[in-house]
Amino acid sequence: MGHYKSNLRDIEFNLFEVLGRDQLYGTGPFAEMDVETAKDVLAELARMAENELAESFADADRNPPVFDPKTHTAPVPESFKKSYQAFMDAEYWRLGLPEEIGGTTAPRSLIWSYAELVLGANPAVWMYTSGPAFAGILYEEGTEEQKKIAAIMVDKQWGSTMVLTEPDAGSDVGAGRTKAVKQDDGTWHIEGVKRFITSGEHDMSENIIHYVLARPEGAGPGTKGLSLFMVPKYEFDFETGELGTRNGVYATNVEHKMGLKASNTCEMTFGDGLPAKGWLIGEKHDGIRQMFRIIEFARMMVGTKAIATLSTGYLNALEYAKERVQGPDLAQFMDKSAPKVTITHHPDVRRSLMTQKAYAEGMRALVLYTASVQDAIQVAEAGGEDATRLHGLNDLLLPIVKGYGSEKSYEQLAQSLQTFGGSGYLQEYPIEQYIRDAKIDTLYEGTTAIQGQDYFFRKIVRDQGQAMTALSEEIKKFLAEATGGEELAAARDQLATAAVDLEAIVGAMLTDLSATEQDVRSIYKVGLNTTRLLLASGDVVIGYLLLRGAGVAAEKLSGASAKDAAFYAGKVAAAKFFAANVLPGVGTARSLAESVDLTLMDLPEDSF
């Protein structure tokens, strides 16, 4: 057994007791994936995650890949290769791929459930296996010839990357200067330098396909002028996949990072001395929309990774707390002869553990709730129905999954470490690596500040509040049904109050946005509140989902076995704890949002 502790019981609780996936699996487009098959998949992946995948977690951190500037290579450690190959050999990555390229149609809720297991055990494994998933996007976006290439990518298990960021542009993707020059043979030569490219170079697949945003010569400025190109590490025969000559794209550096060291984060240089041949994806200049399909997948992955890490961090801390004997029970503090107790008897340790549990289980519910919306999109589109409303809800939830999920997971992992005391700071336990590996989650695929701006401006204002209103109505309907009875009455009241406070924050921000017509500086007030809104929204959605699960648990408690009774009691306790201890903070956020002014923006820069 490795460091990783899965929570398969809670995954299945969300899927089959709360979200009703048992009514969906085995039907319609998911006819081949019934409940028993799905449970078998999850059980085997949980076993693999706790063993083969987890085995190289620490070793690859202590002995990370080393970049060789002469050969532009960065081989991964042998231990990690074994973990990676174990996952690839199992071929569960075929779930969710188009059947035409060797995939199996599967619900998104199942895919993100098993993703949690892989990402919690060894996140770099998931990242290096992006090739098939990105091949699926090439199949859906590409020309007929490129669809064949997608099948080759899957068959040969080639790697892939998403290539956006440039050293000077950073998160301002539209400021990118990498250019694409059209050639007489229909190909393009890509010229420029990109930075922070995950899996840009490694030795676990014979070829790597780079999906590169570049600006064709003569194209306009900003994101609208960008196109998406397929740039292979090695040129290859488009019919057979046989490799040809080396293409002019090279790793020119691998970053030395705080954590997640097994995952090569590369500087990639295109067209320096040797042309970097690229092919326009789909033969249409629609790069930012095409790339956003990958970005949205990546943002869901980041949130799932963060939440998976918190879950195993909490479970490791809980195990330690149940065994660590230290000090007498606080109620016997005057009795010098009182026996020592495990630290789970101490009030503040219990407070910390329940906080970790509530966030870990609440955010798992968030990921799987979002994935269930994606299931509904799949069903609607398979039936030729309009999925616009569902897409809007999914779009609204993604910044919460990524931004809130990553921030709160990192914050609570510090509590996991605190449970261990000084031992948590040592490498004998995995928490210190969890924290280092998880910090990146708040930064890549858009920092939390970017998620907050995206959430307000794109997912609420541009949507005219339709998705937010739909989610609000869902919460109100749940509250009206009084699920959980008197046991959860106080918690439901706390959720209702927080939901009203959240609506008030949005209202204040919309008022400030409207005021820009008279004073453009009012936009600063909005900017000072976007992250606050994102985090408050996360609190309300988590509070709702915890209570929804608690309502189910409360109804099942009376006839449950001893083991299930403990599980269900924990669900009720976590929901009530979160409602009482976290949701009141939304009221504080409302007060701050409604009183925000321009004092901070008026402060001279020299005063910072």
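Start at 1 with the first residue, then count along the sequence.
Shown here for Glu116 and Ala308, the closest heavy-atom pair between the two residues is O-CB, 3.4 Å. The shortest non-hydrogen separation linking Met601 to Leu528 is CG-CD1, 4.4 Å.
Between the side chains of Thr442 and Thr448, no donor-acceptor pair of N or O atoms lies under 3.5 Å. Ser472 and Glu503 are linked by a side-chain donor-acceptor pair at a separation below 3.5 angstrom, with hydrogens and angles left out of the test. Defined by atom type and a distance below 3.5 Å, a donor-acceptor pair is missing between the side-chain atoms of Asn7 and Ser311.
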Could you walk me through whether Thr530 and Gln453 satisfy the side chain to side chain donor-acceptor pair (under 3.5 Å) test, starting with their C-alpha distance in whole Å, then the side-chain angles of each, then the deciding distance to 0.1 Å, before giving a yes or no?
CA-CA 6 Å; Thr530 48; Gln453 291 177 20; 4.9 Å; no

Could you walk me through whether Gln374 and Asn394 satisfy the side chain to side chain donor-acceptor pair (under 3.5 Å) test, starting with their C-alpha distance in whole Å, then the side-chain angles of each, then the deciding distance to 0.1 Å, before giving a yes or no?
CA-CA 7 Å; Gln374 295 169 8; Asn394 181 61; 3.0 Å; yes

Working for side-chain contact (heavy atoms from CB on, under 4.5 Å), residues Arg21 and Ser372
CA-CA 8 Å; Arg21 299 301 90 185; Ser372 74; 3.7 Å; yes

Might you work through the side-chain contact (heavy atoms from CB on, under 4.5 Å) test for Thr161 and Thr198, ending with a clear yes or no?
CA-CA 6 Å; Thr161 66; Thr198 300; over 6 Å; no

Let me see the working for Thr252 and Met268 under side-chain contact (heavy atoms from CB on, under 4.5 Å), right down to the final yes or no.
CA-CA 6 Å; Thr252 42; Met268 304 297 297; over 6 Å; no

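One finds a salt bridge joining Arg458 and Asp454 here, because a Lys/Arg side-chain nitrogen approaches an Asp/Glu carboxylate oxygen to under 4.0 Å. A salt bridge links Lys408 to Glu411: at least one charged side-chain nitrogen sits closer than 4.0 Å to a carboxylate oxygen. At a threshold of 4.0 Å, the pair Glu140-Arg293 counts as salt-bridged, since one of the basic side-chain nitrogens sits closer than that to a carboxylate oxygen. Under the 4.0 Å criterion applied to side-chain N and carboxylate O atoms, Glu361 and Lys571 are assigned as salt-bridge partners. Of the charged side-chain nitrogens involved, at least one lies within less than 4.0 Å of a carboxylate oxygen, so that Glu481 and Lys477 count as a salt-bridged pair.
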Which donor-acceptor pairs under 3.5 Å do the side chains of residues 536-546 make with protein atoms, sequence neighbours left out?
unit_1: Ser537; atom_1: OG; unit_2: Tyr455; atom_2: OH; d: 2.9
unit_1: Ser537; atom_1: OG; unit_2: Leu533; atom_2: O; d: 2.8
unit_1: Asp539; atom_1: OD1; unit_2: Tyr404; atom_2: OH; d: 2.6
unit_1: Tyr544; atom_1: OH; unit_2: Glu474; atom_2: OE2; d: 2.6
unit_1: Tyr544; atom_1: OH; unit_2: Arg548; atom_2: NH1; d: 3.2

Taking only distance into account, with no hydrogens and no angle test, what donor-acceptor pairs under 3.5 Å do side-chain atoms of residues 188-197 form with protein atoms, sequence neighbours excluded?
unit_1: Lys194; atom_1: NZ; unit_2: Leu164; atom_2: O; d: 2.9
unit_1: Lys194; atom_1: NZ; unit_2: Glu166; atom_2: OE2; d: 3.0
unit_1: Lys194; atom_1: NZ; unit_2: Leu213; atom_2: O; d: 2.9

Show me the donor-acceptor pairs within less than 3.5 Å that the side chains of residues 505-515 make with the rest of the protein, sequence neighbours left out.
unit_1: Thr511; atom_1: OG1; unit_2: Gly507; atom_2: O; d: 3.0
unit_1: Ser514; atom_1: OG; unit_2: Leu510; atom_2: O; d: 3.1

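The line from CD of Gln494 to CG of Leu488 is 10.5 Å long, rounded to the nearest 0.5 Å. The CG atom of Asp441 lies 13.0 Å from the OG1 atom of Thr447; values are rounded to the nearest 0.5 Å. Between the CE atom in Met468 and the CG atom in Leu393 there is a gap of 11.0 Å [rounded to 0.5 Å].
Partners of Tyr211 according to the ring pair (Phe, Tyr, Trp, His ring centres under 6.0 Å) rule, which considers only residues two or more places apart in sequence or in another chain, are Phe134. With sequence neighbours excluded, the residues that form a side chain to side chain contact (heavy atoms under 4.5 Å, CB included) with Ala115 are Trp112, Leu119, Trp126, Thr304. Under the rule for a salt bridge (charged side-chain N to carboxylate O under 4.0 Å, His left out), Glu283 has no partner lying at least two apart in sequence or in another chain. The side chain to side chain contact (heavy atoms under 4.5 Å, CB included) check on Gln290 picks up Glu141, Leu228, Ile281, Lys284, Asp286, with sequence neighbours excluded. Residues satisfying the side chain to side chain contact (heavy atoms under 4.5 Å, CB included) criterion with Thr599, sequence neighbours excluded, are Asp597. Considering only residues two or more places apart in sequence or on other chains, Ala124 meets the side chain to side chain contact (heavy atoms under 4.5 Å, CB included) condition with Phe80, Asn122, Tyr128, Ala262, Ser263. Remark: Lys576 engages Glu487 in a salt bridge (charged side-chain N to carboxylate O under 4.0 Å, His left out) (not counting sequence neighbours).
The list of side-chain hydrogen bond (donor to acceptor under 3.5 Å, both in side chains) pairs with a residue in residues 382-391, not counting sequence neighbours, reads Glu381-His391, Asp386-Thr388. Judged as a ring-ring contact (aromatic ring centres under 6.0 Å, His included), the pairs with a partner in residues 575-607 (not counting sequence neighbours) are, in order, Tyr359-Phe578.
In this structure, Lys439 and Met258 have side chains that are in contact, with non-hydrogen atoms separated by less than 4.5 Å. Side-chain contact between Leu19 and Phe13 is absent, with no heavy atoms from C-beta onward closer than 4.5 Å. At least one side-chain heavy atom of Met153 sits under 4.5 Å from a side-chain heavy atom of Leu138. With a 4.5 Å cut-off on side-chain heavy atoms, Arg436 and Lys261 count as touching. Side-chain contact between Ser416 and Leu310 is present, with heavy atoms from C-beta onward closer than 4.5 Å. Side chains of Ile208 and Ser199 form no contact here, defined as non-hydrogen atoms less than 4.5 Å apart. Here the side chains of Tyr114 and Leu95 are in contact, with some heavy-atom distance below 4.5 Å. Looking at Pro399 and Leu534, their side chains come closer than 4.5 Å, going by heavy atoms from C-beta outward.
Around atom CZ of Arg521, more than 12 heavy atoms belonging to other residues, nucleotides or ligands sit under 6.0 Å away.
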